[in-house]
Amino acid sequence: MNTLHRMAALTIAALAATTLLLSSCTKEQQNKLGRGIQNWTGTNGVLEMYAGDKLVRRFLHIDKLSTAQATDDASQPRAYRYGYGVLDENLNFAEDPGEKRVYFEIGEHANYVFFENPR
């Protein structure tokens with residue numbers, strides 16, 4: 001068996017093992033794995049916050065949103081999410097001079113949309 005055939009066989013075996021492993025995971029475990037890969041590779045997320053139907057805040061270059069965990073019982077999520085992003089003060093979808101990377105929190109009843117930046 002030459003090197004090319006050996007590499008192809010190893011690739012097929014790895015894909016089969018991965019498929020078998022993922023099929024035995026629960027949907028939540030698969031989601032956690034996907035989020036872990038996404039966190040490692042990063043995203044170019046945008047978070048828009050609304051007051052009714054009006055856009056009031058936009059954050060750019062967000063890698064991820066995280067759910068806060070309770071201090072006493074780490075298995076219990078808190079009622080907010082948080083992250084870091086550039087505050088797009090003039091809502092023009094661009095990081096302008098003077099616009100800084102900031103920490104933000106989102107309450108559980110906030111109206112927001114998180115998506116990958118199309119630009």
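Quick caveat, the model's predicted, so the values are computed rather than measured.
- Rounding to the nearest 0.5 Å gives a distance of 3.5 Å between CD1 of Ile62 and CZ of Phe104.
- The aromatic rings of Tyr82 and Tyr103 sit tilted relative to each other, their planes meeting at an angle between 30° and 60°.
- For the atom pair CZ (Phe59) and CG (Leu87), the distance works out to 5.0 Å, reported to the nearest 0.5 Å.
- A distance of 9.0 Å separates CG of Leu60 from CG of Leu91, quoted to the nearest 0.5 Å.
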Q. Where do Asn44 and His61 land on the side chain to side chain contact (heavy atoms under 4.5 Å, CB included) test, with the steps shown first?
A. CA-CA 5 Å; Asn44 185 15; His61 306 300; 3.2 Å; yes

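- Remark: Leu65 CG to Ile106 CD1 distance equals 5.0 Å, nearest 0.5 Å.
- Evaluation of the salt bridge (charged side-chain N to carboxylate O under 4.0 Å, His left out) test over residues 48-58, restricted to residues two or more places apart or in two chains, returns Glu48-Arg58, Arg58-Asp88.
- With sequence neighbours left out, the ring-ring contact (aromatic ring centres under 6.0 Å, His included) criterion links Tyr80 to no other residue.
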Q. Given the rule in the side chain to side chain contact (heavy atoms under 4.5 Å, CB included) test, do Arg81 and Tyr112 qualify, once you have shown the distances and angles that lead to the verdict?
A. CA-CA 11 Å; Arg81 303 197 69 181; Tyr112 68 93; 3.6 Å; yes

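- Atom CG of Asn92 is separated from atom CD of Glu99 by 6.0 Å, given to the nearest 0.5 angstrom.
- Residues Phe93 and Leu55 are members of one and the same hydrophobic cluster, defined by side-chain heavy-atom contacts under 4.5 angstrom among Ile, Leu, Val, Met, Phe, Trp and Tyr.
- For Met49 against Ala110, the heavy-atom pair with the smallest separation is CE-CB, 4.4 Å.
- Distance check: Asp63 CG to Tyr84 OH gives 11.5 Å after rounding to the nearest 0.5 Å.
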